[in-house]
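The figures here come from the full heavy-atom set of this structure, side chains too, leaving out hydrogens, waters and symmetry mates.
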Amino acid sequence: MSNLLNPVIVAVILLCVLCLLKVNVLLSMLISLFVAGLIGGLPIVADEGVSIMNSITTGFSSNAETALAYVLLGTLASCMAYTGITEILSKKIAKIVKGNKWILLAILLVIACASQNIVPIHIAYIPILVPPLLSMMNKMKLDRRGVACTIAFGHKAPYIAIPMGFGLIFMTIIRDNINDNVDPSWGWNITIGQITSVNWILAVSMLIGLAIAVFVSYRKPREYKDIPLEGVHELEDLHLKREHWVTLIALVVVVVLQIVFSSLPVAALGGLLVMFIFRAVKPQDIDDQFQGGVKLMGFIAFVMLVAGGFATVLQNTGAVDALVQSAISLMGGNKWIAATIITLIGLLVTMGIGTSFGTVPVLAVLYVPLCYQMGFSPAATIVLMSAAAALGDAGSPASDTTLGPTSGLNADGQHDHIWDTCVPTFLHFNIPLMIAAIIAAQIL
């Protein structure tokens with residue numbers, strides 16, 4: 001009974017219930033974290049010591065760089081839309097597709113993967129690129145739930161398996177947090193190469209889930225109304241002009257700076273400066289583009305800030321530690337049970353926090369010694385840590401993996417964030433991830 005009142009479990013269940021009832025995600029998170037804090041014995045405010053409010057504000061800093069990156073990337077996307085290059089790309093995609101939904105899904109998949117590892121603009125491109133394609137999707141009667149799964153796969157699987165862009169960041173976090181919690185006597189020294197050599201298993205499991213989603217679950221036609229979208233208009237001239245070439249150069253600069261500095265805010269700022277200096281955006285319109293960036297990505301940035309506060313509140317209650325300690329007593333030395341409980345706890349925590357990157361430090365301090373005590377190898381520990389962190393990211397209402405697809409597919413108000421993005425991605429990606437991680441942990 002005490003486990004059912006664990007603040008982590010209560011907070012995550014409450015968050016999911018509120019979101020399923022279509023309560024605003026940000027409000028749902030705030031309500032859930034206050035409830036978790038109160039159950040965990042934290043005061044709402046305190047002059048000294050830990051309280052819910054100072055936990056929230058302290059937690060903001062953990063995702064502050066991510067939030068800044070989203071706003072700057074949103075501004076970059078707004079500038080790209082200003083030049084018209086994204087509409088040209090949308091129209092060129094439409095010409096290539098010629099009514100074939102499989103070609104469209106393949107193109108969106110490639111673009112989504114590239115946004116994580118090659119041109120690391122993450123989800124900022126979606127509200128610009130996807131809305132002009134909705135009319136074509138409507139004519140195809142393409143089920144947008146399948147599109148959401150396709151885009152979500154492209155945002156998630158590459159960073160799990162490929163050590164570039166966001167993938168390099170994720171693997172570095174996994175490596176550092178495992179090594180920081182290893183006893184020198186164990187002889188473990190995790191490298192990026194080791195992580196790459198095993199995490200492909202998780203990516204393959206997600207690929208199977210994607211295939212089930214697009215070829216089975218959402219293959220049938222689905223009707224949508226053809227609703228005109230504000231700001232989307234037909235282009236006759238699809239030739240690239242000077243401002244378009246400057247935009248392409250800016251994207252190359254973004255890639256180079258990301259590789260050199262491993263910082264998305266620095267990379268995004270560099271791309272923006274190229275567009276401003278070479279006047280792809282007129283000086284008098286720069287303010288409008290920043291406002292557009294906030295409009296595109298500001299809400300998601302705030303969700304990520306609050307997610308950092310959410311995580312800190314849970315940590316300060318001691319709920320994660322208590323949950324894991326309770327789980328240890330249930331394992332009884334059985335590796336199958338241990339792997340199942342480890343992934344389930346990871347699912348719970350990530351569903352609440354909304355970021356797989358932020359989940360790793362929360363879990364590593366307890367999971368790494370636990371995996372060693374249970375006899376798991378370094379490779380098995382990597383897979384379990386990666387899966388535990390990634391689980392829930394695809395189905396969390398507060399995750400950018402789900403918020404991103406919804407921001408584009410719901411441009412005409414016909415795509416529900418919870419039922420058309422979160423639930424489909426949760427079912428098709430988290431279940432295969434869990435199965436793959438549990439089995440892989442036994443044989444690695």
Side-chain angles (χ1 to χ4, degrees), residues 64-94 111 114-115 118-135 227-258 261 263-305 400 403-413:
E65 183 176 349
T66 302
L68 176 60
Y70 285 171
V71 172
L72 290 175
L73 290 171
T75 304
L76 181 64
S78 180
C79 290
M80 291 170 63
Y82 171 89
T83 66
I85 193 170
T86 49
E87 289 190 45
I88 291 176
L89 179 58
S90 293
K91 299 306 176 185
K92 286 185 177 292
I93 289 174
I111 293 173
S115 73
I118 301 174
V119 184
I121 58 173
H122 200 32
I123 63 175
Y125 72 95
I126 298 176
I128 301 299
L129 179 65
V130 173
L133 299 173
L134 292 181
S135 177
I227 301 173
L229 299 178
E230 181 182 351
V232 176
H233 53 275
E234 293 294 327
L235 289 178
E236 298 297 332
D237 185 8
L238 300 182
H239 292 93
L240 295 180
K241 300 177 181 177
R242 177 183 173 279
E243 60 267 26
H244 302 142
W245 288 110
V246 172
T247 302
L248 293 176
I249 293 171
L251 292 179
V252 173
V253 170
V254 170
V255 175
V256 172
L257 292 179
Q258 165 67 13
F261 294 104
S263 171
L264 278 178
V266 171
L269 181 59
L272 286 172
L273 289 176
V274 170
M275 297 189 72
F276 297 156
I277 292 171
F278 292 97
R279 299 176 69 87
V281 178
K282 296 177 182 178
Q284 62 268 28
D285 294 330
I286 291 177
D287 282 350
D288 291 339
Q289 303 318 308
F290 274 97
Q291 291 175 16
V294 172
K295 183 178 179 181
L296 281 174
M297 303 295 288
F299 178 73
I300 296 176
F302 270 104
V303 168
M304 294 307 295
L305 286 175
D400 43 15
L403 289 166
T406 300
S407 67
L409 294 171
N410 193 41
D412 60 0

(request) Looking only at non-hydrogen atoms, find the nearest pair between Leu72 and Ala268 and report the distance. (result) CB-CB, 3.7 Å
(message) Would you compute the distance between atom CG of Asp285 and atom CG of Asp287 and round it to the nearest 0.5 angstrom?
(response) 9.0 Å
(request) Taking all heavy atoms of Gly408 and all of Pro131, pick out the closest pair and write down the distance. (result) O-CG, 3.9 Å
(message) I need the minimum non-hydrogen distance between Val266 and Leu257, along with the two atoms involved.
(response) O-CD1, 3.8 Å
(message) If I compare all heavy atoms of Thr247 with all of Ala280, which pair ends up nearest, and what's the gap?
(response) OG1-CB, 4.4 Å
(request) Provide the closest heavy-atom pair for Arg279 versus Arg242 in the form atom of the first, atom of the second, distance. (result) O-NH1, 4.0 Å
(request) Kindly indicate, with the supporting measurements, whether the criterion side chain to side chain contact (heavy atoms under 4.5 Å, CB included) is fulfilled by Leu272 and Gln289. (result) CA-CA 10 Å; Leu272 286 172; Gln289 303 318 308; over 6 Å; no
(request) Name all residues meeting the side chain to side chain contact (heavy atoms under 4.5 Å, CB included) criterion together with Ile111; count only those two or more places apart in sequence or in a different chain, and write none if there are none. (result) Ile93, Ile107, Tyr125, Leu129
(message) Suppose we screen for side-chain hydrogen bond (donor to acceptor under 3.5 Å, both in side chains). Which residues come up paired with Asp288, at least two apart in sequence or across chains?
(response) none
(request) Report the C-alpha distance between Lys282 and Tyr82 in whole Å, list the side-chain angles of each, state the deciding distance to 0.1 Å, and finish with yes or no for side chain to side chain contact (heavy atoms under 4.5 Å, CB included). (result) CA-CA 10 Å; Lys282 296 177 182 178; Tyr82 171 89; 3.5 Å; yes
(message) Just so I know, are the side chains of Leu251 and Met80 near enough to count as touching, which here means a heavy-atom distance under 4.5 Å?
(response) yes
(request) Tell me, please, which residues at least two apart from Val252 pass side chain to side chain contact (heavy atoms under 4.5 Å, CB included). (result) Val256
(request) Spell out, as yes or no, whether a donor-acceptor pair under 3.5 Å connects the side chain of Ser78 to the backbone of Gly74. (result) no
(request) Not counting sequence neighbours, which residues clear side chain to side chain contact (heavy atoms under 4.5 Å, CB included) with Ser407? List them please. (result) Ile126, Pro127
(request) First locate atom CH2 of Trp245, then atom OG1 of Thr83, and finally report the distance between them rounded to the nearest 0.5 Å. (result) 12.5 Å
(request) Tell me, please, which residues at least two apart from Val274 pass side chain to side chain contact (heavy atoms under 4.5 Å, CB included). (result) Val246, Ile249, Ala250, Val253, Phe278
(message) List the residues meeting side-chain hydrogen bond (donor to acceptor under 3.5 Å, both in side chains) with Thr75, not counting sequence neighbours, and say none if there are none.
(response) none
